[in-house]
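Read through the structure below, which is laid out as structure tokens, and then see the notes.
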Amino acid sequence: MSLWIVFGLVGQTMFFLRFLIQWIASERKKQSVIPVSFWFFSIIGGLILLIYAIQRKDPVFIIGQSTGSVIYIRNLVLIYRKRKEIPNAVR
């Protein structure tokens, strides 16, 4: 198996873990929850998959992963801005 295939599989695993984390957090709270770690796994998995897509020269995959990464980063910015506004907020 090539190193690039392993790299792509690592990215896909990171991307999958975000759903697992979200599912576990929601089950624990008995409601739909999106923990901050969901966005970190989204960014890590998305960037690894973006690098993999660039290496494979796949424009569809490149567009999908690059736009997703912008959204994930934006969500983290919004979360941390909100936390600054409410310093003692429950995290």
Side-chain angles (χ1 to χ4, degrees):
M1 186 178 306
S2 83
L3 189 56
W4 279 110
I5 297 291
V6 172
F7 186 75
L9 289 171
V10 167
Q12 193 60 46
T13 300
M14 293 298 215
F15 213 64
F16 166 76
L17 287 174
R18 72 193 191 129
F19 291 117
L20 184 63
I21 287 168
Q22 192 272 332
W23 178 46
I24 291 168
S26 293
E27 287 297 324
R28 285 183 180 162
K29 296 227 178 194
K30 303 294 184 210
Q31 65 182 13
S32 183
V33 176
I34 300 177
V36 174
S37 58
F38 175 91
W39 299 113
F40 282 108
F41 276 97
S42 297
I43 291 169
I44 294 166
L47 290 176
I48 290 172
L49 290 173
L50 176 60
I51 293 166
Y52 180 73
I54 291 169
Q55 189 275 331
R56 294 191 47 107
K57 299 179 176 93
D58 184 333
V60 174
F61 202 12
I62 291 168
I63 291 169
Q65 291 304 320
S66 60
T67 55
S69 296
V70 170
I71 293 166
Y72 310 143
I73 291 168
R74 179 64 179 150
N75 275 300
L76 282 174
V77 168
L78 293 172
I79 289 167
Y80 283 104
R81 273 192 193 153
K82 185 75 171 179
R83 286 185 177 180
K84 279 185 178 179
E85 291 173 11
I86 308 169
N88 295 325
V90 176
R91 298 187 174 134

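In this chain, numbering begins with 1 at the start of the sequence shown.
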Value for CZ (Arg74) from CD1 (Ile79), rounded to nearest 0.5 Å, stands at 11.0 Å

For Phe15 against Phe19, the heavy-atom pair lying closest together: O-CD1, 3.8 Å

Establish whether Leu78 and Ile73 are linked, either directly or via other cluster members, by ILVMFWY side-chain heavy-atom contacts under 4.5 Å. no

May I have the list of side-chain donor-acceptor pairs in residues 57-66 shorter than 3.5 Å, sequence neighbours left out?
| from | atom 1 | to | atom 2 | distance (Å) |
| --- | --- | --- | --- | --- |
| Asp58 | OD1 | Val60 | N | 3.2 |
| Asp58 | OD1 | Phe61 | N | 3.1 |
| Ser66 | OG | Ile62 | O | 2.9 |
| Ser66 | OG | Ile63 | O | 3.2 |

Atom CG of Leu49 and atom CG of Leu9: how far apart are they, to the nearest 0.5 Å? 9.5 Å

Quick one: do Phe16 and Ile5 end up in the same hydrophobic cluster if we chain Ile, Leu, Val, Met, Phe, Trp and Tyr together by side-chain heavy atoms under 4.5 Å apart? yes

ILVMFWY network linking Met14 to Val6, side-chain heavy atoms under 4.5 angstrom: yes

Which atom pairs, one a donor and one an acceptor, fall under 3.5 Å between side chains of residues 32-46 and the rest of the protein, sequence neighbours left out?
| from | atom 1 | to | atom 2 | distance (Å) |
| --- | --- | --- | --- | --- |
| Ser42 | OG | Arg18 | NH1 | 2.8 |
| Ser42 | OG | Phe38 | O | 2.7 |

Which residues satisfy the ring-ring contact (aromatic ring centres under 6.0 Å, His included) test with Trp4, sequence neighbours excluded? Phe7

Are the side chains of Ile24 and Glu27 in touch, meaning some heavy atoms are under 4.5 Å apart? no

May I ask whether Leu47 and Ile54 are part of the same hydrophobic cluster, defined by side-chain heavy atoms of I, L, V, M, F, W, Y residues being less than 4.5 angstrom apart, directly or through others? yes

